[in-house]
**Student:** 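Below is the structure I would like to discuss, written out as structure tokens.
Worth saying up front: this structure is predicted, and the values here are computed from it rather than measured. As the structure lists them, so they are numbered: ligands from 1, and atoms in each ligand from 1.
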Amino acid sequence: MEIINRRQRMSSVARKVRREQDQTIGLVPTMGALHEGHLSLVREARRMCDIVVVSVFVNPTQFGPSEDFSNYPRDLTKDTALLTDYNVDFIFAPTVEEIYPKNFSTYVTVEGLSEQLEGVARPGHFRGVATVVAILFNLIRPDFAFFGQKDAQQAVIVRRMVRDLAFDAEIVVMPTVREESGLALSSRNAYLNDEERHAASVIYRALKRAKEAHKGGERSGSRIAGIVRATIETEPRARIDYISVADADTLERLEKMDDRAILVSIAVTIGDTRLIDNTILNRAKQKEAVTTQV
Ligand code: AMP
């Protein structure tokens, strides 16, 4: 395994792999502080591709001015040890200056999708995400890139960008990995104390109730959202930011739920930590089907 810090080295290594060795490249973009959620993506990349590149880059352009960019957990030594165990070929861990050279001024904006849901509380977040993913795709030219359903809106936006800008990469979205309590694994869970962590399990319970209600025949978006809200409100430590019931491909909010794939997504703050989670209803109908399931 090689750790690469320079963009030039990254692109020349990737070019060599593609052209001279005719091997497929899988890219797993991460911000590090790796957990089992990230590792499920790495495992799938290892299974599907000849060469696996994991990028570890805490991307400043996707953080708002009052967000946790400087405090975000970073531990490249531990991440490197984990990725060695997973037989990863390259870790791309560039500095901020390497990704954003002096006078950097070109951004990718996926209009319409980026201003909704997470985009309301985090303006500019998805512009930062789309821009860094575009840079990584251009440097590495992956055949496959792996993302988590945990960040559902991110996956929708990356897919749209790939289609619109004709990137030659296939996007693979993997299911959310959870703790036994149901809490979705996230690097930001490190901010939760024991009570908050316990309280956070209400998020998954609420999503499960939505799923059960839908299975039982409920087809009203607002009533499904109401069920989620009522469950979250049983937990006094949780403050709801949004609950959305929307078309899983367009993110357009739905009242009458038909047989389209539907994304039920939630953002909740517990203590000082903002957590997001989601579930898909009618998954089999999802237009841009989830490529692989664990
Ligand atoms: P991050 O380091 O938070 O930017 O996440 C890197 C990738 O890992 C993203 O595609 C996330 O959606 C994915 N990911 C994060 N948490 C999970 C999880 N609990 N289950 C599955 N994928 C995850």
Side-chain angles (χ1 to χ4, degrees), residues 26-46 52-64 67-69 71-76 78-80 82-83 86 88 91-94 99 117-118 122 125-137 140 142 144-162 169-192 197 200-201 203-204 207 248 263 265-267 273-280 290-294:
L27 169 65
V28 182
T30 81
M31 297 205 298
L34 301 179
H35 52 63
E36 198 45 50
H38 301 109
L39 296 173
S40 71
L41 310 185
V42 174
R43 218 176 287 123
E44 185 64 358
R46 186 68 286 167
V52 175
V53 182
V54 177
S55 60
V56 175
F57 179 63
V58 183
N59 174 34
T61 61
Q62 70 187 68
F63 287 77
E67 292 182 4
D68 55 346
F69 174 68
N71 299 329
Y72 194 84
R74 291 165 171 88
D75 193 343
L76 189 58
K78 192 166 156 218
D79 291 345
T80 304
L82 279 170
L83 295 173
Y86 277 75
V88 160
I91 298 178
F92 182 43
I99 291 295
L117 305 176
E118 284 301 284
R122 309 186 68 189
H125 170 67
F126 289 113
R127 181 179 87 141
V129 169
T131 301
V132 80
V133 170
I135 295 168
L136 292 171
F137 281 11
I140 299 165
F144 298 92
F146 297 81
F147 292 84
Q149 178 61 29
K150 156 78 169 42
D151 299 285
Q153 187 175 8
Q154 170 171 283
V156 169
I157 286 172
V158 168
R159 277 204 162 116
R160 180 71 66 83
M161 177 188 81
V162 163
E170 186 171 322
I171 303 304
V172 179
V173 179
M174 297 296 291
T176 302
V177 177
R178 301 177 179 282
E179 289 183 356
E180 221 170 293
S181 69
L183 175 63
L185 298 190
S186 162
S187 308
R188 288 194 169 97
N189 291 354
Y191 302 147
L192 299 169
R197 208 182 183 95
S201 65
I203 300 170
Y204 184 58
L207 290 172
L263 176 70
S265 50
I266 319 180
T273 308
R274 191 165 174 283
L275 301 171
I276 58 169
D277 204 344
N278 68 84
T279 192
I280 302 262
V290 172
T291 312
T292 346
Q293 291 270 10
V294 172

**Student:** Considering only heavy atoms, which protein residues lie less than 4.0 Å from any atom of ligand 1?
**Tutor:**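 Those residues closer than 4.0 Å to ligand 1 by some heavy atom are Pro29, Thr30, Met31, His35, Gly37, His38, Leu41, Tyr72, Phe147, Gly148, Lys150, Asp151, Gln154, Pro175, Thr176, Val177, Leu185.
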**Student:** Is Asp75 reaching over with its side chain to a backbone N or O of Ala33, donor-acceptor style, under 3.5 angstrom?
**Tutor:**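 Pair absent, no side-chain N/O of Asp75 close to backbone of Ala33.
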**Student:** Considering residues at least two apart in sequence or located in another chain, which fulfil the salt bridge (charged side-chain N to carboxylate O under 4.0 Å, His left out) criterion with Arg274?
**Tutor:**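 Once residues adjacent in sequence are excluded, the partners of Arg274 under the salt bridge (charged side-chain N to carboxylate O under 4.0 Å, His left out) criterion are Glu118, Asp241.
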**Student:** Among Ile99, Ile135, Leu136, find the one that has a side-chain contact (heavy atoms from CB on, under 4.5 Å) with Phe57.
**Tutor:**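 Looking at Ile99, Ile135, Leu136, the match for Phe57 under the side-chain contact (heavy atoms from CB on, under 4.5 Å) is Ile99.
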**Student:** Please identify which of these residues, Phe146, Phe144, Phe147, meets the side-chain contact (heavy atoms from CB on, under 4.5 Å) condition with Ile171.
**Tutor:**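 Going through Phe146, Phe144, Phe147 one by one, the side-chain contact (heavy atoms from CB on, under 4.5 Å) with Ile171 is satisfied by Phe147 alone.
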**Student:** Using the ring-ring contact (aromatic ring centres under 6.0 Å, His included) criterion, which residues pair with Tyr86? Sequence neighbours excluded.
**Tutor:**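 Result, ring-ring contact (aromatic ring centres under 6.0 Å, His included) vs Tyr86: none returned.
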**Student:** Listed by chain and number, what are the side-chain contact (heavy atoms from CB on, under 4.5 Å) partners of Ala134, not counting sequence neighbours?
**Tutor:**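 Expected list: Val108, Met161, Phe167.
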